[in-house]
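When reading the values below, keep in mind they use all heavy atoms of this one structure, side chains included, and skip hydrogens, waters and symmetry mates.
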Amino acid sequence: QVQLVESGGGLVQAGGSLRLSCVASGRTFSSYAMAWFRQAPGKEREFVAAIKWSGSTTVYADSVKGRFTISRDNAKNTVYLQMNSLKPEDTAVYFCAAGSYTTDVRGYSYWGQGTQVTVSS
C-alpha cells in the first residue's frame with residue numbers, strides 16, 4: 001500500500017503560480033511512476049503530468065506544457081507540481097497518483113485525496 005497526501009492548493013489570480021506537493025508513505029516510493037491528474041466540476045478526471053521513478057523522463061498534457069513542471073525527490077518521498085502562468089481553466093481538484101508510467105488514469109493504483117486549485121480571472 002502507498003498513502004499519498006497532497007498540499008499546496010489554494011486561490012490565486014490568473015497569471016500567478018502555485019506549487020503542489022504530494023508526500024508518499026508506505027511501500028517503496030521510488031519504484032513507482034508518479035503523476036498529477038485534475039478534475040473540474042462536471043468533468044472527467046484528466047491527465048496533467050507524469051514522471052518516471054528515476055525522475056529522468058516526464059510527460060505533460062498539451063494544455064499545461066511550458067507552464068507546469070513535475071519533479072520528484074525520492075529521498076523525501078515527495079513529488080511536486082510547479083504551476084506557473086495559471087489560467088481560470090486550470091481550476092480543478094488536483095490529485096496525486098502512483099503507478100505505471102502512463103497518461104491513462106487506469107494505470108495508477110494509488111491516489112491522494114486531492115487539493116483544490118482555484119484561479120480567478
| Between Val117 and Val119, is a side chain to side chain contact (heavy atoms under 4.5 Å, CB included) present by the stated rule, with each step listed? | CA-CA 7 Å; Val117 171; Val119 184; 4.2 Å; yes

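- In the hydrophobic clustering of ILVMFWY residues, with side-chain heavy atoms under 4.5 Å counting as a link, Tyr80 and Phe47 come out apart.
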Mind listing the side-chain donor-acceptor pairs of residues 16-24 below 3.5 Å, one per line with the distance, residues two or more places apart or on another chain?
| residue | atom | partner | partner atom | Å |
| --- | --- | --- | --- | --- |
| Ser17 | OG | Asn84 | OD1 | 2.9 |

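- Here the closest non-hydrogen pair linking Cys96 and Met34 is SG-CE, 3.6 Å.
- Under the salt bridge (charged side-chain N to carboxylate O under 4.0 Å, His left out) criterion, Asp73 pairs with no residue, sequence neighbours left out.
- Shown here are the side-chain hydrogen bond (donor to acceptor under 3.5 Å, both in side chains) partners of Ser54, two or more places apart in sequence or in another chain: Ser56.
- Of the listed residues (Lys87, Glu89, Arg38), just one forms a side chain to side chain contact (heavy atoms under 4.5 Å, CB included) with Ser63, and that residue is Arg38.
- For Trp111, the side chain to side chain contact (heavy atoms under 4.5 Å, CB included) criterion is met by Phe37, Arg45, Phe95, Ala97, Val105, Tyr108, not counting sequence neighbours.
- For Tyr110 and Tyr32, the gap between ring centers is short of 6.0 Å.
- Nearest heavy-atom pair across Ala92 and Ala40 is CB-N, 3.8 Å.
- Val93 and Met83 fall into different hydrophobic clusters, defined by Ile, Leu, Val, Met, Phe, Trp and Tyr side-chain heavy atoms under 4.5 Å apart, directly or through other members.
- The side-chain hydrogen bond (donor to acceptor under 3.5 Å, both in side chains) test applied to Thr118 returns Gln116, not counting sequence neighbours.
- Scored by the side-chain hydrogen bond (donor to acceptor under 3.5 Å, both in side chains) test, Lys65 finds Asp62 as partners (sequence neighbours excluded).
- Tracing side-chain contacts under 4.5 Å through hydrophobic residues (I, L, V, M, F, W, Y), one never reaches Val48 starting from Tyr101; they form parts of separate clusters.
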